[in-house]
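Numbering of ligands and ligand atoms starts at 1, following listing order. Note that the coordinates shown come from a computational prediction; the quantities given were computed from them, not determined experimentally. Residue numbers start at 1 and run along the sequence shown.
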Amino acid sequence: MSATARKTALNADDIRALKGQRPIVSLTAYTTPMAQMMDAHCDFVLVGDSVGMVLHGLTSTLGVTMDMMILHGQAVSRGLRQAMMVIDMPFGSYEESPAQAFRNAARLMAETNAAAVKLEGGVEMADTIRFLISRGIPVMAHIGLTPQSVNTLGGYKVQGRGDAAQRLLADAQAIEEAGAFSVVLEKVPSVLADEITQQISIPTIGIGASVNCDGQVLVVDDMLGFFTAFKPKFVKRYANLGNDAEAAVAQYASEVRAREFPAPEHVFAASAPRKT
Ligand code: KIV
């Protein structure tokens, strides 16, 4: 998708149709400049609730609110032309009932221009997924390590090992049957990710899953080396911008203290130079 400029953004049907065609590329984004930078390279951009940890200093995604998602969703939307925008439903905004989920999903889409929502959960969320889709809201599901359930999963552990593999497969099948257009598989054994990818007809998007998933997603600040609080095994750093940024800040501080900045070329003369 990157080389040819599209007139309209990709949608849920386009993403679903990519299964078996070519790998689907995705990253998270939370701001307009990041969205602009990745628009031509990604098939969909996820406004992830990881924003709480990455940009707001929260220790988990549980404290992320609808207002935070809407603010960042609006910023990302202004930066996208071609890539589809998917937005996370934050913790507590959809689990209670399908009606609660619809009310909040509709608000997210209306106020941010997102083309779909993502929510965490498998079998237990199938009715809600069906309810949303039948009322016009495309849904991407998220199973395996679901960070909003960190307190019942015993931490950020690999999911789907041993007997749990069958449950995860059943989750994926329930999601497919409910009509989701895609499913994120986070931190699951690669053989299980491969099996799920083969068994279901909708694209699997891996993060800490398998190279054979139908697509991949990463948190952009992780892969750029901006977010360095911790580095999960599944993150590959494609740059070290955090280090570069800190070095630049240190140099600025030292130049200010040494009265080397601003230099003559950064300040203004009392009268404007005459035009010849
Ligand atoms: O919130 C997020 O960034 C996510 C991705 C890691 C899939 O859900």
Side-chain angles (χ1 to χ4, degrees), residues 15 23-31 34-35 38 42-66 68-73 75-76 83-95 105 108 112 114 116-122 125 129 139-150 153 155-160 168 171-172 175 180-188 193 196-197 202-210 213-224 226-227 229-238:
I15 299 295
I24 298 165
V25 180
S26 174
L27 287 170
T28 66
Y30 320 109
T31 63
M34 283 287 195
M38 63 183 67
C42 288
D43 298 305
F44 75 89
V45 168
L46 173 67
V47 187
D49 61 352
S50 49
V51 68
M53 299 171 82
V54 172
L55 291 193
H56 293 271
L58 299 178
T59 52
S60 76
T61 57
L62 302 189
V64 175
T65 63
M66 283 287 292
M68 285 163 76
M69 293 309 299
I70 287 169
L71 194 68
H72 289 285
V76 170
M84 178 186 184
M85 178 170 132
V86 180
I87 190 163
D88 260 342
M89 298 199 72
F91 178 63
S93 71
Y94 59 96
E95 301 87 331
L108 284 173
T112 70
V117 298
K118 176 167 82 59
L119 54 79
E120 298 183 4
M125 292 311 299
I129 294 172
V139 179
M140 174 178 286
H142 182 159
I143 59 173
L145 173 61
T146 45
Q148 293 174 9
S149 302
V150 61
L153 294 178
Y156 295 97
K157 294 179 180 160
V158 174
Q159 301 294 313
L168 219 50
D171 281 334
I175 287 162
F181 71 93
S182 178
V183 57
V184 170
L185 304 180
E186 178 164 352
K187 218 167 173 182
V188 300
I196 293 174
T197 301
I202 57 173
T204 57
I205 309 297
I207 172 163
S210 166
C213 284
D214 298 300
Q216 304 292 331
V217 63
L218 281 177
V219 169
V220 68
D221 291 64
D222 283 342
M223 58 87 76
L224 291 180
F226 265 128
F227 183 73
F230 53 86
K231 186 181 114 32
K233 175 181 160 79
F234 57 75
V235 171
K236 176 173 177 184
R237 284 209 181 121
Y238 286 83

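At a 4.0 Å heavy-atom cut-off, ligand 1 touches D49 through backbone and side chain alike.
Note: no N/O pair closer than 3.5 Å links T28 and ligand 1 by distance alone. Polar contact with ligand 1: absent for E186 (N/O pair, distance under 3.5 Å). Annotation: Y30 places no N or O atom under 3.5 Å from an N or O atom of ligand 1; distance criterion only.
The backbone N or O of V220 sits less than 3.5 Å from a side-chain atom of T28, completing a donor-acceptor pair. A donor-acceptor pair under 3.5 Å is absent between the side-chain atoms of H142 and the main chain of E120, judged by distance alone. Between the side chain of D88 and the main chain of D49, a donor-acceptor pair closer than 3.5 Å is present.
Those atoms of ligand 1 with a heavy atom of D88 less than 4.0 angstrom away are 1 (O), 2 (C), 8 (O). Using a 4.0 Å cut-off to heavy atoms of I207, the atoms of ligand 1 that qualify are 6 (C).
When K118, M53, M140 are checked for heavy-atom proximity to atom 8 (O) of ligand 1, K118 turns out nearest. For atom 3 (O) of ligand 1, the choice among S26, P232, G48, S50 with the nearest heavy atom turns out to be S50.
Remark: I207 CD1 to L185 CG distance equals 11.0 Å, nearest 0.5 Å. To the nearest 0.5 Å, the span separating OH on Y94 from CD on Q148 amounts to 3.5 Å. In this structure, CD in Q159 is found 4.5 Å from CG in L153, a value given to the nearest 0.5 Å. Atom CZ of R237 sits about 12.0 Å away from atom CZ of F226, to the nearest 0.5 Å.
Summary of contacts: the protein heavy atom closest to atom 4 (C) of ligand 1 is L46 CD2, 3.6 Å.
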